Protein chains: 2
Amino acid sequence: MKWSDLSDNWCPVARTLSLVGDRWTMLILRDCFLGLSRFEQFIASSGMTRHILADRLKRLVEAGVLERKAYTTTPKRYDYVLTEKGQELAPALLTLKDWGKKHMPVRRATSA
Amino acid sequence: MKWSDLSDNWCPVARTLSLVGDRWTMLILRDCFLGLSRFEQFIASSGMTRHILADRLKRLVEAGVLERKAYTTTPKRYDYVLTEKGQELAPALLTLKDWGKKHMPVRRATSA
DNA sequence: CCGGATGAGTTTCATTTTGGAACTATGGCA
DNA sequence: TGCCATAGTTCCAAAATGAAACTCATCCGG
């Protein structure tokens, strides 16, 4: 079964995951909740590649989770900001944060 | 950046997602919360392919989220059951469920 | 004993997705 | 004019995924 087919699944968890259940989307949203809003900020913060970010932003805007607002018109540049719908994902991010703090300690394999 | 590198990220959300942030893992956990526990049940319920399921189960067991318990010894067969650590992901699933019910209506593109 | 069914994977191969890096476009600024 | 910044887009190789077939062990019916 294709992943995208889940958007019509009977299960609301599956439908939610069809939008935010890939490897990077939630991190973009985390960054939005941290106050970031621009392409280069997301790149710097998350470490994802540029074309994946471009694709995910497009999907999130189409889904109504983010809104793309121009902040300059002449070179067209945009802020990506959470909509009301996007804001309501906050509880999900918070539960993931709490679980991570409790159950996913940093291994620090790269510490000095 | 490789996805798997996130397991040592400073952000607990990112660390959590390094385990459950792929396209299918959360659905396995959803099934566990619904009471399913066996390979063929997960296959039937989720629609994922067999080798992806096998891989994800292995990862979840290694991470201590699921426990693999033999229920027959002579053709070795196993139940996959949530550990305490896994149980504690319930709030995350519930927030995703609530958000999906509110914001991801079924489009029913394939209805009669 | 033979043939099929069941449960849990494993293997193979084609298609997609991703990671990494370079390239494009627009305009500011020295 | 040349360089920088922002925001993408394009290209290619590497990795992940989807689909289907195959394996293995055991039970069951005849």
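Small disclaimer: the values here were computed from a predicted structure and weren't measured. By convention in this document, chain letters (A, B, ...) are assigned in the order of the sequence lines, proteins followed by strands, and residues within each chain are numbered from 1.
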> Given A:C32, which partner from the list A:V65, A:L27, A:L66, A:L93 fulfils the side-chain contact (heavy atoms from CB on, under 4.5 Å) test?
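Passing option: A:L66.
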
> Between atom CD1 in B:I43 and atom P in C:dG7, what is the gap in whole Å?
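Rounded to whole Å, this separation is 13 Å.
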
> B:F42 CZ to C:dG9 C1': how many Å, rounded?
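About 14 Å, once rounded to whole Å.
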
> Rounded to whole angstroms, how far apart are CD on A:Q41 and C1' on D:dG8?
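To the nearest whole Å, that distance equals 16 Å.
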
> State, with a plain yes or no, whether a side-chain heavy atom of A:D79 is found less than 4.5 Å away from one of A:R38.
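When only atoms from C-beta onward are counted, A:R38 and A:D79 do touch, with a gap below 4.5 Å.
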
> If we only count heavy atoms from C-beta on, is the B:L82 to B:L29 side-chain gap below 4.5 Å?
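The answer is yes, as the side chains (C-beta and beyond) meet within the 4.5 Å cut-off.
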
> Could you check how far CG of B:L53 sits from P of C:dG7, rounded to whole Å?
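For the pair B:L53 CG and C:dG7 P, the rounded distance is 14 Å.
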
> Kindly indicate whether the side chain of A:M26, heavy atoms from C-beta on, has any atom under 4.5 Å from the side chain of B:T16.
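With C-beta onward as the side chain, the pair stays apart.
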
> Between A:W24 and C:dG19, is there a contact of a side-chain N or O with OP1 or OP2 at under 4.0 Å?
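Indeed, a polar side-chain atom of A:W24 lies that close.
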
> Rounded to whole angstrom units, what separation is found between the CD1 atom of A:I52 and the P atom of C:dA21?
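To the nearest whole Å, that distance equals 15 Å.
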
> For residues 44-55 of chain B, please give each side-chain donor-acceptor pair under 3.5 Å, one per line with the distance, not counting sequence neighbours.
residue: B:S45; atom: OG; partner: B:R30; partner atom: NH2; Å: 3.4
residue: B:S45; atom: OG; partner: B:D31; partner atom: OD1; Å: 2.8
residue: B:S45; atom: OG; partner: B:D31; partner atom: OD2; Å: 3.0
residue: B:S46; atom: OG; partner: B:F42; partner atom: O; Å: 2.8
residue: B:S46; atom: OG; partner: B:M48; partner atom: N; Å: 3.2
residue: B:R50; atom: NH2; partner: B:E40; partner atom: OE2; Å: 2.5

> Could you check how far CZ of B:R50 sits from P of D:dT17, rounded to whole Å?
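After rounding, the reported distance stands at 17 Å.
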
> Is the side chain of B:N9 donor-acceptor paired with the backbone N or O of B:C11 at a distance under 3.5 Å, no angle test?
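Present.
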
> Does the side chain of A:Y80 get closer than 4.0 angstrom to OP1 or OP2 of D:dG8 through an N or O atom?
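Looking at the OP1 and OP2 atoms of D:dG8, one of them is under 4.0 Å from a side-chain N or O of A:Y80.
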
> Figure out the CZ/C1' separation between B:F39 and C:dG7, and round it to whole Å.
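Going from CZ in B:F39 over to C1' in C:dG7 covers 9 Å.
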
> Is any side-chain heavy atom of A:L19 less than 4.5 Å from a side-chain heavy atom of B:W99?
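Yes; the side chains approach each other to less than 4.5 Å.
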
> With a 4.0 Å heavy-atom cut-off, tell me which residues in residues 25-36 of chain A come close to DNA chain C, sorted by residue number.
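Within this stretch, nothing sits under 4.0 Å of the strand.
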
> Looking at B:R15 and B:W10, would you say the former's side chain and the latter's main chain have a donor-acceptor pair under 3.5 Å?
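Yes, B:R15 side chain to B:W10 backbone: donor-acceptor pair under 3.5 Å.
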
> Quick check: any donor-acceptor pair below 3.5 Å linking the side-chain of B:R38 to the base of C:dA8?
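No pair found.
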
> Considering only heavy atoms from C-beta outward, does the side chain of B:K97 approach that of B:L94 to under 4.5 Å?
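A side-chain contact under 4.5 Å exists here.
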
> Got a sec? Which of residues 54-77 of chain A come in under 4.0 Å of DNA chain C, heavy atoms?
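Within residues 54-77 of chain A, the residues near DNA chain C are A:R56, A:T74, A:P75, A:R77.
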
> Roughly, in whole Å, what's the span from CG in B:D79 to P in C:dG9?
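My rounded result for the distance is 11 Å.
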
> Of the nucleotides C:dG19, C:dG9, D:dT17, which one has an atom closest to the side chain of A:H51?
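Shortest atom-to-atom distance from the side chain points to C:dG19.
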
